Amino acid sequence: MTEIAEQPAQQDETTRRRPALSPSRAGDFKQCPLLYRFRAVDRIPEKPTRAQVRGTVVHSVLERLYALPAEQRDRDRAGEMLTPAWEELLAEQPELAELFEGPEDPELEKWLSSASGLLDAYFEMEDPQRLQPESCELRVETELPSGVLLRGFIDRVDVAPTGEIRLVDYKTGRAPGEIGEAKAMFQMKFYALVLWRLRGEIPRQLLLMYLANKQKLAYAPDEDELRRFERTLEAIWQAILKAGKTGDFRPNPSKLCDWCDHKALCPSFGGTPPPYPGWPEDPTANEESILDRTD
């Protein structure tokens, strides 16, 4: 599906490319300011996991599936897209080859089979032949009245004949516990706010689809909630800018530290961060990677 950038026509390239806040980077700072620094300022590489890359491949297949005429969106066609989607991703990011010991690695076949299983789950949860999304992988950007610029990608936007909007996000893991659910819903509220500010219409439903255990989580936001969320994002951005001036990005230890790639550099665990390089001039510093969008 062709990417659509929903940006005000009057914005010039300089305005569009100034630093913007994405749901992933906002979530990072909210979780741990030091994690935000490692990812957005230091840009320390993180080794992708097989699960993350599998999610990227499955997302790519679903996006391509909805680019087809409705009658062609069947399970066999989706399966045919799986290996080409992996090969194209590998061509774009050759370092992903390190996840396996060559093309004959039996683990690669098992991994592709597990991705195929996620497609099976998707077809059990929805019939794509009965849906006609307005857009897939929609790039959205808006400026809040306070001047904070928000930017992100929405997996799928459905618009009913009566005009109601539904935002859909595919998750290739299992439905999470309380912490993971809050993180996922933070992301969805971010998208709901951006789309509301762009179109003047509050999405009727936010739908998370967890393919690994075939569960759905639906939520209906309201205006008061989105206004509160807007103030939260503005506060996060101001805190980011304040920390950016001084380099004072403090760690916030939690249960999530066990999954952090940067634990060895964290003072909370006896590590030492690299010297602060200063606030990045690159306007893409806060943007999401493909892996951010496919957790």
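Worth saying up front: this structure is predicted, and the values here are computed from it rather than measured.
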Residue pair R75 / S116, side-chain donor-acceptor N/O under 3.5 Å
yes
Shortest non-hydrogen separation from P274 to I44 and the atoms involved:
CG-CD1, 4.3 Å
Closest non-hydrogen atom pair, P273 against R37
CB-NH1, 4.0 Å
Does the side chain of R64 come under 3.5 Å of the side chain of S60 through a donor N or O and an acceptor N or O?
yes
Is the side chain of D169 donor-acceptor paired with the backbone N or O of L208 at a distance under 3.5 Å, no angle test?
no
Is there a side-chain contact between R39 and R25, using heavy atoms and a 4.5 Å cut-off?
yes
If I take atom CG from residue L211 and atom OH from residue Y122, how far apart are they, to the nearest 0.5 angstrom?
9.0 Å
Could you tell me how the ring of F249 sits relative to the ring of W279: parallel (under 30°), tilted (30 to 60°) or perpendicular (over 60°)?
parallel
With a 4.5 Å cut-off on side-chain heavy atoms, are V168 and D155 touching?
no
S114 and R54: side chain donor to acceptor below 3.5 Å
yes
Taking D258 first and then K263, would you say they form a salt bridge - that is, a charged N and a carboxylate O separated by under 4.0 Å?
yes
Carboxylate-amine/guanidinium contact K47 E98, below 4.0 Å
no
Passes salt bridge (charged side-chain N to carboxylate O under 4.0 Å, His left out), R227 versus D224? Steps please.
CA-CA 5 Å; R227 288 189 185 279; D224 288 344; 5.3 Å; no
Rounded to the nearest 0.5 Å, how far does CG of L99 lie from CD of Q52?
9.5 Å
Is any side-chain heavy atom of Q205 less than 4.5 Å from a side-chain heavy atom of E164?
no
Write down the atom of R204, the atom of P221, and the distance for their closest heavy-atom approach.
O-CD, 4.2 Å
Parallel, tilted or perpendicular: which one describes the rings of H262 and F38, with boundaries at 30° and 60°?
tilted
Under 4.5 Å between side-chain heavy atoms, hopping through other hydrophobics if needed: is there a path connecting L35 to Y276?
no
Main-chain N/O of M125 paired to K216 side chain as donor or acceptor, under 3.5 Å:
yes
Where do L82 and V61 come nearest, in terms of heavy atoms and distance?
CA-CG2, 3.9 Å
Walk me through whether L108 and W111 qualify under side chain to side chain contact (heavy atoms under 4.5 Å, CB included).
CA-CA 5 Å; L108 174 57; W111 180 78; 3.8 Å; yes
With the side chain counted from C-beta on, respond yes when W86 and L96 share a heavy-atom pair under 4.5 Å apart, and no when they do not.
yes
Nearest 0.5 angstrom please: L131 CG to R166 CZ, how far?
6.5 Å
Roughly how far, to the nearest 0.5 Å, is CG of L144 from CG of L193?
6.0 Å
What I'd like to find out is whether the side chain of T142 reaches to under 4.5 Å of the side chain of W196, using heavy atoms alone.
no
Side chains of V58 and L119: does their closest heavy-atom pair fall under 4.5 Å?
yes
Nearest heavy-atom neighbours spanning G163 and E201:
O-OE2, 4.2 Å
Evaluate side chain to side chain contact (heavy atoms under 4.5 Å, CB included) for V157 paired with L167, printing each intermediate quantity in order.
CA-CA 5 Å; V157 179; L167 306 185; 4.0 Å; yes
Quick test of your reading: applying ring pair (Phe, Tyr, Trp, His ring centres under 6.0 Å), list the pairs with at least one residue in residues 208-231, sequence neighbours left out, ordered by first then second residue.
F186-F229
Salt bridge (Lys or Arg N to Asp or Glu O under 4.0 Å), paired with R197, selected from E230, E143, E141
E230
With a 4.5 Å limit on heavy-atom distance, are the side chains of L68 and M81 in contact?
yes
Please check if any side-chain donor atom of R156 sits under 3.5 Å from a side-chain acceptor atom of Y170, or the reverse.
yes
Give the minimum heavy-atom separation between A78 and F123, together with the two atoms involved.
CB-CE1, 3.8 Å
CZ of F100 to CD of E109, rounded to nearest 0.5 Å, is 11.5 Å
When rounded to the nearest 0.5 angstrom, what distance separates CG in L138 from CG in L198?
8.5 Å
Test side chain to side chain contact (heavy atoms under 4.5 Å, CB included) on L217 and K171 and set out the steps.
CA-CA 11 Å; L217 176 62; K171 299 295 185 185; over 6 Å; no
Stepwise side chain to side chain contact (heavy atoms under 4.5 Å, CB included) test for Y36 and I236:
CA-CA 11 Å; Y36 172 92; I236 288 173; over 6 Å; no
Please tell me if the side chains of P267 and L34 come closer than 4.5 Å, counting only heavy atoms from C-beta onward.
yes
Above 12 or not: heavy atoms from other molecules or residues under 6.0 Å from CD of E107?
yes
Taking atom CD of E104 as the centre, report whether more than 12 heavy atoms of other residues, nucleotides or ligands fall under 6.0 Å from it.
no
Residues passing the side chain to side chain donor-acceptor pair (under 3.5 Å) test with Q72, sequence neighbours excluded, are R77
